[in-house]
Colleague: 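A single structure is presented below for examination.
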Amino acid sequence: MTSSVSEPRPRVNLRRLADAVGVHPSTVSRALDPAKRHLVADDVADRIIAAARELGYRPNPVAASLRTRRSTLVGVLVPDITNPVFSPIISGIAEVLGAEGYSTIVADAGSEFGARMALIDELIARRVDGLVLATVSRDDPMLEHCLAEGIHVVLVNRADDADRAPSVVSDDVAGMRVAVEHLHRLGHRAIGHLAGPSTLSTGHLRRLGFEQVMREHGLAVPAGAIVEARSYDRDEGERATAAMLDACPGVTAIAAANDLLALGAYKALAARGLACPRDVSVVGHNDMPLVDMVEPPLTTIRIGPRDMGRDAARLLLERMTGSTLPARRIVLAPDLVERASTAPPRAGA
């Protein structure tokens with residue numbers, strides 16, 4: 001009995017494809033490289049691409065890497081891949097890099113320093129052309145290690161205090177100002193702050209923004225009204241909110257340093273029989289996906305994560321194509337997204 005399974009086609013290499021079209025292999029290589037396609041006449045490039053599809057040509061990335069000393073791979077490290085704010089950042093990075101012929105390797109770096117360093121070394125060993133890091137602290141030896149290895153690096157969402165690498169961030173100080181100004185307009189005066197970790201630029205700068213705008217309005221910030229979370233997650237938001245309510249039970253509004261902390265605040269308020277926003281208004285930060293679907297829908301600060309990812313990819317492309325300009329920081333303007341988690345304080349509060 002004969003098998004109905006067809007025999008696999010022999011693998012088509014670059015030379016065979018060039019012979020089929022009647023051009024030199026280097027012309028085929030340029031036509032199939034988005035970064036160099038402009039060097040080939042349009043009609044010739046079209047013929048090569050059509051022949052590649054017909055013959056089932058697949059480029060050999062290992063051979064190409066050895067020949068060009070480029071892997072067309074970019075590593076993207078995020079601290080917690082389950083955090084929804086990173087999904088649009090990754091999508092923006094992949095969109096821009098993909099259009100230039102690069103593929104992205106996304107890695108969940110976690111919080112343990114040794115594991116992060118091992119992951120960085122593994123990506124460098126795999127000859128990635130560059131790295132986008134959403135993981136750095138304000139003075140991070142991991143960044144120093146990458147720079148010492150000569151790898152192109154761009155930071156996204158979080159920045160380095162010394163601006164040793166290009167970065168794309170939201171204006172964290174301005175974002176917290178927008179949050180507190182919104183609460184102040186509603187009539188709140190007893191406002192607390194769920195701060196992010198002070199080792200991260202987002203935690204540090206958003207706390208500075210909170211303290212600045214409270215001073216400008218002449219509003220007191222009593223001891224216990226600012227509680228620093230150890231990490232950006234709901235459990236820490238719940239713990240920090242409980243500590244704040246113990247120290248300052250008269251708080252009528254909370255400005256959180258990110259949306260996950262704000263969602264943790266929801267849980268802490270409910271545990272004490274307090275309703276949001278009737279008893280305590282809550283503002284988040286980031287506008288991560290689905291915060292409009294919780295109850296109540298979260299008022300928050302939109303940071304534009306997809307644009308952040310796109311800009312980070314463009315900065316990395318500049319570096320990978322030979323730019324020697326000094327590292328620059330792109331700062332995106334934040335916006336208030338007003339939903340149902342904020343309201344004027346109840347009478348007598």
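Heavy atoms only: backbone and side chains are in, while hydrogens, waters and symmetry mates are out.
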Colleague: Taking the side chain as every heavy atom from C-beta outward, state whether Val282 and Leu298 have any atom pair closer than 4.5 Å.
Modeller: yes

Colleague: Name all pairs fulfilling the salt bridge (Lys or Arg N to Asp or Glu O under 4.0 Å) condition that reach into residues 318-327, sequence neighbours left out, sorted by first residue then second.
Modeller: Glu318-Arg328

Colleague: Could you pull out the closest heavy-atom pair between Leu97 and Met320, with the gap in Å?
Modeller: CD2-CE, 4.4 Å

Colleague: Would you give me the side-chain donor-acceptor pairs under 3.5 Å for residues 73-84, sequence neighbours excluded?
Modeller:
unit_1: Asp80; atom_1: OD1; unit_2: Thr82; atom_2: N; d: 3.1
unit_1: Asp80; atom_1: OD1; unit_2: Thr82; atom_2: OG1; d: 2.5
unit_1: Asp80; atom_1: OD2; unit_2: Thr82; atom_2: OG1; d: 3.2
unit_1: Asn83; atom_1: OD1; unit_2: Val85; atom_2: N; d: 3.1

Colleague: Looking only at heavy atoms, which two atoms of Leu119 and Ala109 are closest? And how far apart?
Modeller: CD2-CA, 3.9 Å

Colleague: List, by chain and number, the other hydrophobic cluster members for Val331, where Ile, Leu, Val, Met, Phe, Trp and Tyr join if side-chain heavy atoms come within less than 4.5 Å, directly or indirectly.
Modeller: Val169

Colleague: Can you see which heavy atom on Ala195 is nearest to which on Leu261, and at what distance?
Modeller: O-CD1, 4.0 Å

Colleague: Under 4.5 Å between side-chain heavy atoms, counting indirect links through other Ile/Leu/Val/Met/Phe/Trp/Tyr residues: same cluster for Val132 and Tyr102 or not?
Modeller: yes

Colleague: Going by heavy atoms in the side chains, are Arg215 and Gln212 under 4.5 Å from each other?
Modeller: yes

Colleague: Within the supplied structure, the quantity of interest is the number of heavy atoms (other residues, nucleotides, ligands) at a distance under 6.0 Å from Arg329 CZ; does it exceed 12?
Modeller: yes

Colleague: Which pairs pass salt bridge (Lys or Arg N to Asp or Glu O under 4.0 Å) with one or both residues in residues 296-310, sequence neighbours excluded?
Modeller: Glu95-Arg310, Asp287-Arg302, Asp307-Arg310

Colleague: Identify each donor-acceptor pair in which a side-chain atom of residues 242-250 lies under 3.5 Å from a protein atom, sequence neighbours left out, and give them as a table.
Modeller:
unit_1: Asp246; atom_1: OD1; unit_2: Arg272; atom_2: NH1; d: 3.0
unit_1: Asp246; atom_1: OD1; unit_2: Arg272; atom_2: NH2; d: 2.8

Colleague: Would Asp279 and Arg346 pass as an ion pair if we require N to O under 4.0 Å?
Modeller: yes

Colleague: In residues 196-203, what donor-acceptor pairs under 3.5 Å come from side-chain atoms, sequence neighbours left out?
Modeller:
unit_1: Ser198; atom_1: OG; unit_2: Glu228; atom_2: OE2; d: 3.2
unit_1: Ser201; atom_1: OG; unit_2: Ala159; atom_2: N; d: 2.9
unit_1: Thr202; atom_1: OG1; unit_2: Tyr232; atom_2: OH; d: 3.0

Colleague: For Leu205, what are the other residues in its hydrophobic cluster, where any two members join if their side-chain heavy atoms are less than 4.5 angstrom apart?
Modeller: Val173, Leu208

Colleague: What residues join Val337 in its hydrophobic cluster, counting side-chain heavy atom gaps under 4.5 Å, either direct or through other members?
Modeller: none

Colleague: Do Ile151 and Val128 have side-chain heavy atoms sitting under 4.5 Å apart?
Modeller: yes

Colleague: For residues 183-209, which residue pairs qualify under ring-ring contact (aromatic ring centres under 6.0 Å, His included), counting only residues two or more places apart or in two chains?
Modeller: His184-His217, His193-Phe210

Colleague: For residues 258-271, pull every pair meeting side chain to side chain donor-acceptor pair (under 3.5 Å), keeping only residues two or more places apart or in separate chains.
Modeller: Asp259-Thr300

Colleague: Looking at Arg16 and Asp19, is any side-chain nitrogen of the basic one under 4.0 Å from a carboxylate oxygen of the acidic one?
Modeller: no

Colleague: Any chance the side chains of Ser281 and Thr342 put a donor and an acceptor closer than 3.5 Å?
Modeller: no

Colleague: For Asp42, does the CG atom sit with more than 12 other heavy atoms under 6.0 Å from it, leaving out its own atoms?
Modeller: no

Colleague: Quick test of your reading of the model: are Glu112 and Arg116 salt-bridged, counting only N-O distances below 4.0 Å?
Modeller: no

Colleague: Could you give all pairs that pass the ring-ring contact (aromatic ring centres under 6.0 Å, His included) test and reach residues 107-166, with sequence neighbours left out?
Modeller: none

Colleague: Leu290: which other cluster members, linking ILVMFWY side chains closer than 4.5 Å, directly or transitively?
Modeller: Met293

Colleague: Which heavy-atom pair separates Leu315 from Ser167 by the least distance, and what is that distance?
Modeller: CD1-O, 3.8 Å

